[in-house]
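All values below come from the heavy atoms of this structure, side chains included, with hydrogens, waters and symmetry mates left out.
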Amino acid sequence: MKKAVQAAIYEKALKNHYIEILYIDFENTGKCIKLHQDTNLLNGENIFPESDEQMYEDYICEKIMRYASGNIDDLNRVKQQMTMEAIAKGTAEHIMHHVMINFMLNGEMRFMQFDFTRESADTKNVFLFVEDYTVPQQQAFITTLRSIENSAVLFCILSEEEDAKTTLCYDPVFITRGFAEMMETTQQQMMLLQKKPFCETVHPDDQQYVEESVRNLNIEHPHTNIFYRKRNPQGKWFYMQSDFSYLVVGKKIYIYVTYQDVSALQKNEELSNALHYSKN
């Protein structure tokens, strides 16, 4: 596992964004390596592996299927989606292979999302990120936004304490297919680009304006619409009209961004202005 990738995972774990992170070696051993676990959830019944380097198939039988809740159809769906074959296919076709599972743990129903993503394009080894969406409001919120066919990205705002200063980080939860197609790339490539610092994809001349616009969002001022330039992974610039919405769901804060490519309109305006000045 590359040190840079591992460091990024530990950094995310320290933000308490996930309750569990595993590295699964599908290429050779089939074992699960524990990278992070929420120690607050270790008491009593839990969905964590019994030991480090537990076999993935044993983990599914002894933990996932043991505590998964639902009717026969629900359990069969979970079992099929958690197979190595399904994960390999899902992570090859998309940036993430998502599996939503209901668990009965310590007498309480818990709703969790399992996100599998490949370590790199040339291996079947994956990282597994587990997030607790037990709060019904948050569960419905994520599900509803995912179902909308538009050009959008949902970011979760995370705070990071360092040297008595609070730094806000914007972690992409999902990217719609429409947004990736508009940016002339894939969801996987765009997700990797969005995981970099928030304004890294923004034109240098527009970065301060975009950063200030986003930072000014809050409960009292939850909406803004801005115009700026944004690049895709291949370095092509697009003129964007973006609608930013500040949303509080449960204990988490999100920014939902919808995008409209206005590059053609901007070029026509620039051409019109150029013709106007040339006549004067």
Side-chain angles (χ1 to χ4, degrees), residues 2 4-5 8-9 12 17-18 21 23-24 26 81-101 112-131 133 138-139 141-158 169-202 210 214 228-245 247 252 254-263:
K2 296 179 180 178
V5 174
I9 288 171
K12 186 179 291 292
H17 191 53
Y18 296 106
I21 302 176
Y23 177 75
I24 307 172
F26 280 143
Q81 291 180 336
M82 295 292 280
T83 63
M84 185 179 73
E85 292 76 13
I87 295 167
K89 181 179 179 181
T91 53
E93 295 177 352
H94 309 284
I95 178 65
M96 289 275 189
H97 177 66
H98 302 285
V99 184
M100 315 295 276
I101 308 176
M112 300 189 188
Q113 177 169 301
F114 287 62
D115 290 334
F116 296 86
T117 186
R118 293 202 183 196
E119 178 183 12
S120 61
D122 58 354
T123 179
K124 292 182 180 179
N125 294 343
V126 300
F127 294 107
L128 166 59
F129 302 92
V130 182
E131 189 164 5
Y133 284 103
Q138 187 176 11
Q139 175 184 339
F141 168 73
I142 298 291
T143 302
T144 300
L145 288 187
R146 280 187 185 278
S147 67
I148 300 175
E149 295 183 4
N150 62 356
S151 299
V153 179
L154 178 67
F155 295 93
C156 183
I157 302 180
L158 308 172
C169 303
Y170 303 90
D171 188 47
V173 178
F174 68 79
I175 288 175
T176 65
R177 185 185 299 273
F179 176 60
E181 292 175 350
M182 184 183 72
M183 297 298 288
E184 300 177 4
T185 186
T186 64
Q187 286 173 285
Q188 181 175 6
Q189 288 179 316
M190 206 63 214
M191 177 66 84
L192 292 174
L193 188 62
Q194 293 290 169
K195 282 186 174 294
K196 295 182 178 181
F198 187 70
C199 275
E200 187 166 319
T201 63
V202 176
V210 173
V214 175
Y228 62 103
R229 289 160 288 182
K230 185 178 182 68
R231 68 175 175 86
N232 70 1
Q234 291 73 39
K236 180 177 178 179
W237 291 100
F238 295 79
Y239 285 90
M240 288 290 170
Q241 187 80 31
S242 292
D243 185 273
F244 288 73
S245 297
L247 305 166
K252 295 191 177 182
Y254 298 90
I255 290 183
Y256 184 59
V257 188
T258 58
Y259 300 87
Q260 181 182 1
D261 180 9
V262 294
S263 301

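- In this structure F26 satisfies the ring-ring contact (aromatic ring centres under 6.0 Å, His included) test together with Y56, sequence neighbours excluded.
- Scanning for side-chain hydrogen bond (donor to acceptor under 3.5 Å, both in side chains) contacts around T176 gives an empty result, with sequence neighbours left out.
- The side-chain contact (heavy atoms from CB on, under 4.5 Å) check on T186 picks up Q188, Q189, with sequence neighbours excluded.
- E181 is linked by a side-chain contact (heavy atoms from CB on, under 4.5 Å) to R177, counting only residues two or more places apart in sequence or in another chain.
- Residues forming a ring-ring contact (aromatic ring centres under 6.0 Å, His included) with Y254 (at least two apart in sequence, or on another chain): F141.
- Applying the side-chain hydrogen bond (donor to acceptor under 3.5 Å, both in side chains) test to Q194 and every residue at least two apart in sequence or in another chain returns K230.
- Among residues two or more places apart in sequence or in another chain, the ring-ring contact (aromatic ring centres under 6.0 Å, His included) test is passed with F179 by Y259.
- Residues satisfying the side-chain contact (heavy atoms from CB on, under 4.5 Å) test with T123, not counting sequence neighbours, are E27, E119, S120, N125.
- Residues passing the ring-ring contact (aromatic ring centres under 6.0 Å, His included) test with F244: none are found, sequence neighbours excluded.
- With a 4.5 Å cut-off on side-chain heavy atoms, I101 and M112 do not count as touching.
- Judged as a side-chain hydrogen bond (donor to acceptor under 3.5 Å, both in side chains), and not counting sequence neighbours, the contacts of E184 are K236.
- Ring geometry, Y23 versus F127: the interplanar angle falls from 30° to 60°, so the pair is classed tilted.
- Taking the side-chain contact (heavy atoms from CB on, under 4.5 Å) definition, one finds that A88 meets it with R118, sequence neighbours left out.
- For the side-chain hydrogen bond (donor to acceptor under 3.5 Å, both in side chains) test, no residue two or more places apart in sequence or in another chain qualifies with Q260.
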